[in-house]
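Order of listing sets the numbers, starting from 1, for every ligand and every atom in it.
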Amino acid sequence: MYKIVDKKQLASGITALDIEAPLIAEKAMPGQFVVVIADEKSERIPLTIADWDKQEGWIRIIVQEAGFSTKKITNFSKGKNLFGVLGPLGHPSPVRKVGNFIGIGGGVGIAEMFPVARGYKEASNRVLTIIGARDKDTLILEDKLKSVSDELFVATDDGSKGEKGFVTDVLKKILDSHKELNKDNTLIYAVGPVKMMEAVAKLSRDKNIKTLVSLNPIMVDATGMCGACRVVVGGKTRFACVEGPEFDAHEVDFKSLLKRLDQHKNLEHKCKLTEY
Ligand code: FAD
Ligand code: FES
Ligand code: MG
């Protein structure tokens, strides 16, 4: 059993839960995730480890209500126990000194951007972060990202905060105006909606700048056995849970990822919280 020791609503439909999990906190690294099982009847769902404290023994998950299981988890109150939390899973981000790190987080992907950007900052990189959301009410972690960034840029679809437009509009401006950023001194890292990661990959491919994306395929066992999370990278099938979740953006087949993410939509819509 994994006790929820703190709970905060960060934005409309987005909740942070701190979970007592000393063994996971001890080993957690930027870019890794856990599988959460809300109760004995629940499905397994993957969620990024958004923060952790080794001394106090907790990890943070930031959950956007997407459907049945995420709603169930965000309905848990502080003090209640989750049935299972497994991790840390996935390869950690290969944090190192590259010179310039451009981190791009969209929507709830900003949750993963925070520990990754912090890692690159601690590794003495210049960190430029771009975060984007639909509007100011769904934007999360602005202050936390600011605290680990040399420069932070905000974009919202409706212009209610920061620049009106997409994170890729901001990225294009940065790449066009900062001529010092090139393939030898810069790493781009994007996490968020598939279409956003695909657009980032297209932009950075033109500039030949290495880009990593953290992929979010459907996962079931998350231990490399079921094959649910298979993605096509460089023309080869890869299992994101054990070989990712980060991959070279310029090699990812985003079209097949999108298709596989939508494959159970009809059944997911039928699944209502009241059924349990
Ligand atoms: P459903 O109605 O069942 O599904 C809604 C949509 O979510 C589906 O159409 C599908 O595209 C996707 N989905 C459904 N089941 C799964 C599954 N088992 N695994 C992955 N995607 C699924 N979300 C967050 O809010 N915060 C995070 O930090 C976060 N981190 C993630 C890290 C990784 C490595 C991955 C792979 C996914 C992450 N997600 C995160 C996405 C999250 O797992 C899904 O939103 C969640 O599983 C949806 O479950 P549901 O029952 O609420 O919705
Ligand atoms: Fe089963 Fe990756 S989730 S192999
Ligand atoms: Mg579900």
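With no hydrogens or angles considered, no side-chain donor-acceptor pair links Thr70 and Glu65 at under 3.5 Å. Using modelled atom types, one finds no donor on one side chain facing an acceptor on the other under 3.5 Å when comparing Thr129 with Glu151. There is no side-chain donor-acceptor pair under 3.5 Å between Gln9 and Thr15. Counted by atom type alone, Ser204 and Thr211 present one or more donor-acceptor pairs between their side chains at under 3.5 Å.
Closer than 4.0 Å to atom 7 (O) of ligand 1 lies none of the heavy atoms of the protein.
The distance from ligand 2 to the heavy atoms of Met225 drops below 4.0 Å at these ligand atoms: 4 (S). For ligand 2, the atoms closer than 4.0 angstrom to any heavy atom of Gly224 are 4 (S). With ligand atoms numbered from 1 in the order given, ligand 2 contributes 2 (Fe), 3 (S), 4 (S) to contacts under 4.0 Å with heavy atoms of Cys229.
Within the structure, the closest approach of Glu112 to ligand 1 does not fall below 4.0 Å when heavy atoms are considered. Heavy atoms of Ile218 approach ligand 1 to within less than 4.0 angstrom. Assignment of Arg44 to the shell around ligand 1 is supported, since a heavy atom sits closer than 4.0 Å.
Using a 4.5 Å cut-off on side-chain heavy atoms (C-beta onward), Ile49 and Lys27 make no contact. Side chains of Leu181 and His178 form a contact here, defined as non-hydrogen atoms less than 4.5 Å apart. Between Lys144 and Arg118, the closest side-chain pair of non-hydrogen atoms is not below 4.5 Å.
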Checklist entry - Should Arg60 and Asp18 be marked as a salt bridge (charged side-chain N to carboxylate O under 4.0 Å, His left out) after you check the CA-CA gap, both sets of side-chain angles, and the distance that decides it? => result CA-CA 4 Å; Arg60 178 167 301 152; Asp18 292 356; 2.6 Å; yes
Next on the checklist: side chain to side chain contact (heavy atoms under 4.5 Å, CB included) for Phe247 and Leu215? Distances and angles first, verdict last.
Outcome noted: CA-CA 7 Å; Phe247 292 100; Leu215 300 185; 3.5 Å; yes
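Summary of contacts: the protein heavy atom closest to atom 4 (O) of ligand 1 is Glu268 CD, 3.4 Å. Looking from atom 4 (S) of ligand 2 to the surrounding protein, the closest heavy atom is Gly227 N, 3.1 Å. The protein heavy-atom contact nearest to atom 24 (C) of ligand 1 is Leu47 CD2, 3.5 Å. Of all protein heavy atoms, the one lying nearest to atom 36 (C) of ligand 1 is Pro217 O, 3.2 Å.
Residue Phe33 comes nearest to Ala222 through the heavy atom pair CE1-CB, 4.2 Å, listed as atom of the first residue, atom of the second, then distance.
Contacts of Ala222 with ligand 2, taken as heavy-atom pairs under 4.0 Å, involve the backbone alone. Heavy atoms of Ser69 found under 4.0 angstrom from ligand 1 belong to the backbone as well as the side chain. The residue Arg230 has no part lying near ligand 2, judged by heavy-atom distances below 4.0 Å.
For Asp221, the N, O or S atom closest to atom 1 (Fe) of ligand 2 goes by the atom name OD1.
An N or O contact shorter than 3.5 Å is missing between Pro245 and ligand 1 by distance.
For Cys241, every N, O or S atom stays at 2.8 Å or more from atom 1 (Fe) of ligand 2.
The nearest non-hydrogen atom to atom 26 (N) of ligand 1, considering only Val191, Val63, Ile62, comes from Ile62. Heavy-atom proximity to atom 52 (O) of ligand 1, evaluated over Leu258, Thr70, Ile110, Val35, is greatest for Thr70. Residue nearest to atom 41 (C) of ligand 1, selected from Ala66, Gly31, Pro46, Cys241: Pro46 (by heavy-atom distance).
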